[in-house]
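Okay, structure first, notes after.
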Amino acid sequence: MAWLKKLVGAVIVLGGAGAVAGWALSAPVRLDAAAVAQLSPGDAAKGKRIFFAGGCTSCHAKPGSKGDARLELAGGLELKTPFGTFVPPNISQDQKDGIGAWSEEDFANAMLKGVSPSGEHFYPAFPYASYARMKPADVADLYAFMKTLPAVAGKAPGHKLSFPFNIRRGIGLWKRLYVSPEPVIALPGGAPDKVLAGRYLVEGPGHCGECHTPRDFAGGVKKAEWLAGAVAAEGSGVVPNITPQGGTKDWSEADIANYLETGFTPDFDSVGGAMVDVQRNIAQLTADDRAAIAAYLKAVPPHPNGYPARKPAS
Amino acid sequence: MRKLVIAISLLAFAGSAAYADPIKDRQALMKERGKLAGQLSKVVKGEEAFDAAAVLTALKALEANAEKFDAEKLFPAGSDKGDTTAAPKIWEDMPGFKAAGDKFLADVKAAVASPPADVDALKAQLNTIGGDCGACHETYRIKKG
């Protein structure tokens with residue numbers, strides 16, 4: 001029975017090593033010293049642009065808020081997904097219930113690394129997989145702008161997730177697979193500045209790919225089908241394909257920019273669904289920013305729709 | 001006489017057919033609405049010159065279109081099935097849906113009541129009206145593949 005003992009021993013050793021490795025690999029990783037050194041005091045005026053490019057208010061304002069109330073970032077919206085219900089937290093300047101007590105470094109660790117001040121992983125419903133591509137200087141500007149927003153008391157309820165998604169530590173492994181500061185689309189050398197600027201806005205702060213790209217079984221974005229559209233994570237609809245092979249293939253760059261500004265498609269249908277909020281936010285950016293987004297969307301590789309064809313009428 | 005009876009019954013049939021398919025009816029109404037908004041948008045974008053009379057005609061047509069929007073007739077129970085992008089939310093919250101339709105009508109009426117004198121005035125009005133389109137489609141319409 002010596003072989004059995006050996007086998008048991010091997011299993012224990014391997015299992016133990018696996019557990020140790022898993023634990024080590026899943027550990028939250030903060031910004032390194034070099035990145036922290038890049039964080040200088042931000043400029044709130046510039047941060048306002050980043051705030052609207054990111055559309056923070058779409059998820060973090062109290063549900064149903066209108067007008068200036070949309071700058072009260074008390075959280076509380078319910079995002080019902082196949083993994084469970086995510087509830088965006090209070091990110092107002094409240095010292096206790098919000099992020100008023102966070103340092104700039106805390107904020108940058110959340111945005112770029114998905115790590116909380118207490119050293120826990122955030123769930124990637126908070127789209128840091130996109131924000132990881134942001135410039136630290138833009139994160140600093142955003143921090144400065146958010147400091148100008150009101151404090152709102154009251155904690156939002158926690159997420160309601162089922163096993164195994166309720167194990168936060170597991171997100172560390174997910175991050176190793178899906179979070180990287182590298183651009184998704186490698187543009188050829190000499191790509192126009194406009195396209196590069198658009199890539200940054202779309203892939204980074206704008207986090208367009210989070211909804212417009214299909215996800216794999218583990219909830220990671222399928223970069224090989226970047227922006228090909230996807231079954232909506234919430235509800236029963238789809239999020240359109242916005243590559244040059246999608247429903248926008250006949251739109252000119254000016255058409256895309258105009259849609260983002262006014263909410264009207266070239267054939268005068270209007271923006272709908274979750275995009276209504278996004279369009280309202282993007283309308284706050286400059287015409288140059290919208291033109292850059294349009295130029296990038298025309299430059300990405302074409303893909304067929306990342307969602308099943310519509311069922312014929314029954 | 002016989003011909004007349006046939007003609008009348010045909011008309012009646014056509015009339016009832018027009019209400020037989022609420023999905024087609026509401027889509028036709030929305031298509032027309034989009035076309036009218038499009039005409040106005042061309043003026044705002046500077047693709048067409050501002051002509052106060054033509055703008056008012058388009059606004060009045062939009063008003064007539066908005067008045068035809070009868071939520072209960074166009075969105076009867078059961079018409080959530082089939083070739084439609086109407087969201088289930090319409091039937092879960094009919095009062096909210098109707099209120100969104102009423103807001104659109106009210107804003108179009110306001111524009112007709114004080115016709116825009118220049119492009120900037122039209123732009124402001126179209127922003128409000130366009131905002132109504134988005135506000136309703138945000139909640140009450142879903143994209144399908």
Side-chain angles (χ1 to χ4, degrees), chain A residues 58 63-67 211-212 214 228-242 246-248 252 254-255 257-284 287 304-314, chain B residues 21-24 27 29-47 58 62 65 78-90 92-93 96 100 103-104 122-145:
Chain A
S58 298
S65 302
K66 297 264 183 287
C211 290
H212 283 282
V231 172
E234 279 197 290
S236 51
V238 301
V239 184
N241 180 352
I242 53 172
T248 49
S252 67
D255 287 337
N258 181 66
Y259 168 78
L260 293 172
E261 183 188 356
T262 66
F264 282 119
T265 70
D267 52 356
F268 299 103
D269 194 347
S270 92
V271 59
M275 192 64 196
V276 173
D277 234 356
V278 176
Q279 183 267 322
R280 270 186 212 130
N281 290 323
I282 300 295
Q284 305 283 324
N305 294 344
Y307 43 84
R310 190 166 168 184
K311 286 190 201 106
S314 50
Chain B
D21 189 348
I23 293 179
K24 286 224 166 69
Q27 285 173 348
L29 198 68
M30 285 296 145
K31 270 261 175 323
E32 184 192 62
R33 192 174 285 192
K35 237 167 125 184
L36 291 164
Q39 286 173 16
L40 294 167
S41 175
K42 276 194 186 128
V43 179
V44 169
K45 281 200 272 180
E47 288 169 13
L62 207 52
N65 174 289
S79 67
D80 55 332
K81 305 277 187 299
D83 193 12
T84 177
T85 56
K89 185 88 184 162
I90 290 174
E92 290 161 26
D93 179 21
K103 175 154 181 350
F104 176 76
L122 174 64
K123 188 174 181 179
Q125 289 177 340
L126 197 62
N127 270 347
T128 308
I129 292 168
D132 293 341
C133 302
C136 190
H137 288 159
E138 180 173 17
T139 312
Y140 300 106
R141 184 180 65 172
I142 43 173
K143 276 260 182 229
K144 293 183 179 173

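All of these numbers come straight from a predicted model, not from anything done at the bench. Reminder, nothing fancy here: chain letters follow the sequence lines and each chain counts from 1.
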Which distance, rounded to the nearest 0.5 Å, do you find between the [atom1] of [X] and the [atom2] of [Y]?
{"X": "A/F264", "Y": "B/L40", "atom1": "CZ", "atom2": "CG", "result": "9.0 Å"}
{"X": "A/E261", "Y": "B/N127", "atom1": "CD", "atom2": "CG", "result": "8.5 Å"}
{"X": "B/K123", "Y": "A/T262", "atom1": "NZ", "atom2": "OG1", "result": "9.5 Å"}

For this session: Locate the shortest heavy-atom distance separating A/S270 from B/G134; write the atom from each residue and the value.
Result: OG-N, 3.8 Å
Problem set entry | Closest heavy-atom pair and its distance - B/H137, A/D269 | CE1-OD1, 4.1 Å
Problem set entry | Proximal component of A/P240, with respect to chain B [non-hydrogen, under 4.5 Å] |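 Side chain only.
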Exercise. Relative to chain B, which segment of A/D277 carries a heavy atom at a distance below 4.5 Å: side chain, backbone, both, or neither?
Worked result: both
Exercise. Side chain, backbone, both or neither: which part of B/K45 has an atom under 4.5 Å from a heavy atom of chain A?
Worked result: side chain
Problem set entry | Greatest number of heavy atom pairs closer than 4.5 Å to chain B - which of A/G263, A/G229, A/G273 |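 Ranked by heavy-atom pairs under 4.5 Å with chain B, first place is A/G273.
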Exercise. Looking at A/Q279, A/M275, A/R280, which makes the most heavy-atom pairs under 4.5 Å with chain B?
Worked result: A/R280
